[in-house]
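Here the structure is laid out as C-alpha cells; the discussion comes afterwards.
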Amino acid sequence: AHSATQYVDGLKAALIVQDPADPWISKYDSEFVLQVCDWFHEPAETLEATVYANDLHTGDPVPDSALFNAHGPGNCNLRGTKDNPEGFACTFTKIPITSGKRLRIRIINTSAQSVFIFVCHDHTLQIIEADGTPLDGTKIQDSVRLNAAQRYSVIIEGKTNPTQNYWCSATMIKAANILFAAVPNPTAYGILAYSNLPKGTYPPPEQIGDANDTQIILKSTTQSINYIDERGLHPFDTNDKPPAVANRTIVLNITFLVVTPTSAQAAFQGKGVPGFYQHLATSTLFSYAQHNITLPKYANAIHVKKGEAVDIVFNCERGQHPLHMHGHDFYVISDSKQFAGNFNASSKLNLKNPVRRDTFTVQSESNAVIRFVANNPGVWIFHCHIDWHLAGGMALTIAYPDKEIQKLYPLKTIMKKKKNGHKATKALEGVTKCPT
Ligand SMILES: [Cu+2]
C-alpha cells in the first residue's frame, strides 16, 4: 500500500507474474520468492512524525532488525549464539534446493529505506532479471545489492553431493541516511536447505558471519560508493535499447527543504508535497478521465505525450535515493559516483546496452539520467522509494493529455451503458471504482 507509510508496518505482499516468453524459463528447475526488508518495532506512523520534526530532515529512523519473508530476530534478546544455533528462539526461512538442480530465487527488497547485500555461503549468483526485465545472465557474482523496491532473480546451482546446508543472508549497508552501527540486527539469515539432507538440519553455526562472506559484503559496500547496482547489467534482448534521441529533457534537483522553522520536507525541484498520497483522492485517474480536470499544483506534474522519448536528469543534493516509476520502465543511460556533483551535459550516455528497469539509485551529491518511452497513457506517480522521503513529498506525477486518457478509459460511456448506473457527478470525485 502506498497510503501513508502503511507498507512499512507489513501491508505488502509479492505478486509474481509468470511470463511464458521469459527466455530463462527452461534454464532452472524450481523457484523461490524471497522478500527482504527492514523492520521497526515502532509503528510507521509514530516514526514518520519524528523524521520531519526538526527544522531539517536529519535522518531516517534506525531499523531494529532485518527480515527474510517475515522471519528475523525480532526481539533481539531472544537471539541465540552462533555456537548454539538450536538456541535461536527465532525460526529461519528455509530456501529449498535440490542437489544438482538449478534454483531461481526472486529477491524483492520491500524495505522502508534499507539497501541490502544478499549472499549465499559458498554459492554464486547468476543475475538473470532486474525489475522484470530479463538480463543476458553474464553477471555471475558472490553477492547482489538491492535498494528499496528493487527486484532481482538469481540462479543458484545446487551442489552435486552436499553434506551440509548453507546460510544465505542479507545485510543492510551503511547508507548516507542511517547509522549502520546503530542497527541492532542488520542481517537476516535463511537456510539454503538441500532436499537430500534430513529436515531441520542447521548449517554449521561457525559459518554464520563467515570471514569470506564478510569480505564479500564489505567489497560490495565499498563498491556502492562508486557503482550503482545497475552498472554492468545488460538486457537479454540486444534489441532492447533506448530511442537514440529524446524528444524532451526534464532536469530535476533532489533536495530537502526547510519549510518553516519547525518543519522540513523532501522534494523534487524544490516542490515537495508532504502527505502527497493523501491528496491523491482528488487526482486519481478516474477523476482525471471523468472531469477533464487540470491537475492541481500539489500533483507536481510532468506532462508527456504518448510516443515521445523523455529524459529525466537528476541532480541529487543530499542522500541516496531509490527512484521508482509506476507504469513504465526506463533505461538508466548515465550514472555517477557519489560526490560527482551535477550532471555535465557533455557526458557520454550509454545508449548501447543500458538496463531497462523501474527502480534505480541516484547517489548522494551526484547525478543520473534515465530515458523512457511514454507508452502507457494515464496519471502515474514517480517517487523516491525510501518511504519517509515519499511521506515528505519526494514525488511527482507523470501525466498524459486528458484526451488520451479518456480515449483509453471511456468511463463515462461505460457508466452510461450500465443499467441502474450512477451518473458521474462531482460528488464521485475520488472514487476509483465504477459504482454499480
Ligand atoms: Cu529518497
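The structure presented is a predicted model; accordingly, all values stated were derived computationally and were not measured. In listed order, ligands and their atoms are each counted from 1.
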- request: Please assess Lys27 against Asp22 for the test salt bridge (charged side-chain N to carboxylate O under 4.0 Å, His left out), listing each intermediate value before the final yes or no.
  value: CA-CA 10 Å; Lys27 303 284 195 288; Asp22 182 347; over 6 Å; no

message: List the residues meeting side-chain hydrogen bond (donor to acceptor under 3.5 Å, both in side chains) with Asn165, not counting sequence neighbours, and say none if there are none.
response: none

Residue His321 atom name (nearest to the Cu ion (ligand 1); N/O/S): ND1

Centroid separation His123 to His121 less than 6.0 Å: no

statement: In His389, the N/O/S atom nearest the Cu ion (ligand 1) carries the name ND1

field: Heavy-atom pair of closest approach, residues Gln207 and Asp213
entry: O-OD2, 4.4 Å

- request: Using 2.8 Å as a strict upper limit, say whether an N, O or S atom of His385 approaches the Cu ion (ligand 1) that closely.
  value: no

